[in-house]
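What follows is one structure encoded as structure tokens, with my remarks underneath.
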Amino acid sequence: MGVAIRTAGEADRESVVRLLDEAFQDDPVSGWVFPGAEDRREHHPGLMAAFTDIVLAAGRIDLTEDGSACALWLSMPAGDHDADPEDDDGPAQVRAAVDPDNERIELIGRLTAAIHPSGRAHEYLWMIGVAPGRQGEGLGTALIESVLDRCDREGLSAYLEASNARSRKLYERLGFEVAGQVLDLPDGPAMWPMWREPRTRTGS
């Protein structure tokens, strides 16, 4: 039986934020942004809320019908993305809203922006979260495949940054390949930029 998926709206905001907070509490990158467990418990939900608000306004959040998994997508146009990331005040605004004393909140935004591919339209999987008790059931795969199917039909590429080796293997199974230089966070874990070309369909 397939996984029922719908588009999240403003009414789903709090449940999406809670889901992302739970899903990423033990993620290596979240642990790098908030090294202390108490600090992470206090400020991590605010960062997930900031990300949720950005995507609700400018992208799309796919949510499983039972609320156990979600994927945050942004459609990136084929325009010029070569602007200097230092000129983008978005990461600074997020830092100011979440925890002004934590420079890593701003730094992660600037570092990922600096490696983001430019020049070609693509779907950007910003984040995907699955409730800790539901991981391994294929929910994340279903969320991603629903968009990749559309990408294949429309000839669109897709992009993401894998934040751990386990998720990287999943993305590789879905057709993503490591593209460009691996991002080694200062005194922290690696992030893998991954790109997927659309697959051409052959039929009889």
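Only this structure's heavy atoms are used, side chains among them; waters, hydrogens and symmetry mates stay out.
Contact check for L160 versus R196: no side-chain heavy atoms found under the 4.5 Å cut-off. Between R168 and V178 there is a side-chain heavy-atom pair separated by less than 4.5 Å. Contact check for P186 versus L111: side-chain heavy atoms found under the 4.5 Å cut-off. Side-chain contact check for E197 versus E177: every heavy-atom pair is 4.5 Å or farther apart. A 4.5 Å side-chain heavy-atom check between R104 and P35 finds at least one atom pair inside the cut-off. Considering only heavy atoms from C-beta on, L156 stays 4.5 Å or farther from P198 through its side chain. Side-chain contact between V55 and M127: absent, with no pair of heavy atoms (C-beta onward) separated by less than 4.5 Å. Within the 4.5 Å cutoff, side-chain heavy atoms of M191 are placed close to those of I108.
Scored by the ring-ring contact (aromatic ring centres under 6.0 Å, His included) test, W195 finds H122 as partners (sequence neighbours excluded).
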Which is it for Y124 and L72 under the side chain to side chain contact (heavy atoms under 4.5 Å, CB included) test, yes or no, and what are the steps along the way? CA-CA 8 Å; Y124 175 30; L72 281 60; over 6 Å; no

Under the criterion side chain to side chain contact (heavy atoms under 4.5 Å, CB included), I'd like the reasoning laid out for E10 against L56: C-alpha separation, chi angles, the key distance, then a yes or no. CA-CA 7 Å; E10 289 291 342; L56 279 173; 4.0 Å; yes

Any chance you could lay out the side chain to side chain contact (heavy atoms under 4.5 Å, CB included) test for L125 and V147, step after step, and finish with the verdict? CA-CA 10 Å; L125 177 57; V147 173; over 6 Å; no

Would Y159 and H116 satisfy ring-ring contact (aromatic ring centres under 6.0 Å, His included), going step by step from the backbone distance to the final call? CA-CA 8 Å; Y159 172 77; H116 198 116; 4.5 Å; yes

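A donor-acceptor contact shorter than 3.5 Å is absent between the side chain of D89 and the backbone of A92. Judged purely by atom type and a 3.5 angstrom limit, S163 has no side-chain atom pairing as donor or acceptor with the backbone of V29. Proximity of a side-chain donor or acceptor of R60 to a complementary backbone N or O of T7 within less than 3.5 Å is not detected. N102 places a side-chain N or O within 3.5 Å of a backbone atom of V33 that can act as its donor or acceptor partner. Checked by atom type and distance alone, the side chain of D152 pairs as donor or acceptor with a backbone atom of R199 at under 3.5 Å.
Ring orientation note: the planes of W126 and F51 are tilted relative to one another, at an angle of 30° to 60°.
Counted within 6.0 Å of CD on E38, heavy atoms from surrounding residues, nucleotides or ligands total 12 or fewer; the atom is thus considered open.
Between L139 and A69 the shortest heavy-atom distance is CB-CB, 4.0 Å. Residues A49 and V17 share a closest heavy-atom pair of CA-CG2, 3.6 Å. Scanning both residues, E106 and P91, for their nearest heavy atoms gives O-CB, 3.5 Å. Contact between G133 and E137 at its shortest, heavy atoms only, is O-OE2, 4.0 Å. Residues W32 and P189 come closest through the heavy atom pair CB-CD, 3.7 Å.
Of the options L148, V130, I128, a side chain to side chain contact (heavy atoms under 4.5 Å, CB included) to L143 is made by I128 and by none of the others. Residue L47 is tested with T52, D99, L20, V98 for a side chain to side chain contact (heavy atoms under 4.5 Å, CB included); the sole match is V98.
Salt-bridge formation is not detected for the pair E22/R134: no Lys NZ or Arg NE/NH1/NH2 atom is positioned less than 4.0 Å from an Asp or Glu carboxylate oxygen. Electrostatic pairing of R95 and E103 does not count as a salt bridge here, judged by no charged N lying under 4.0 Å from a carboxylate O. Classification of D26 and R40 as a salt-bridged pair fails, no side-chain N sitting under 4.0 Å from a carboxylate O. No salt bridge links R18 with E14; every basic N to acidic carboxylate O contact stays at or beyond 4.0 Å.
Expressed to the nearest 0.5 Å, how far CH2 of W192 lies from CG of D184 amounts to 8.5 Å. Atom-to-atom distance recorded for L170:CG and T141:OG1 is 4.5 Å, nearest 0.5 angstrom. With rounding to the nearest 0.5 Å, the separation of OH in Y171 from CZ in R166 is 10.0 Å. Distance check: T112 OG1 to L107 CG gives 9.0 Å after rounding to the nearest 0.5 Å. Going from atom OG1 of T64 over to atom CG of L19 covers 7.5 Å, rounded to the nearest 0.5 Å. Rounding to the nearest 0.5 Å places SG of C151 at 12.0 Å from CD of E145.
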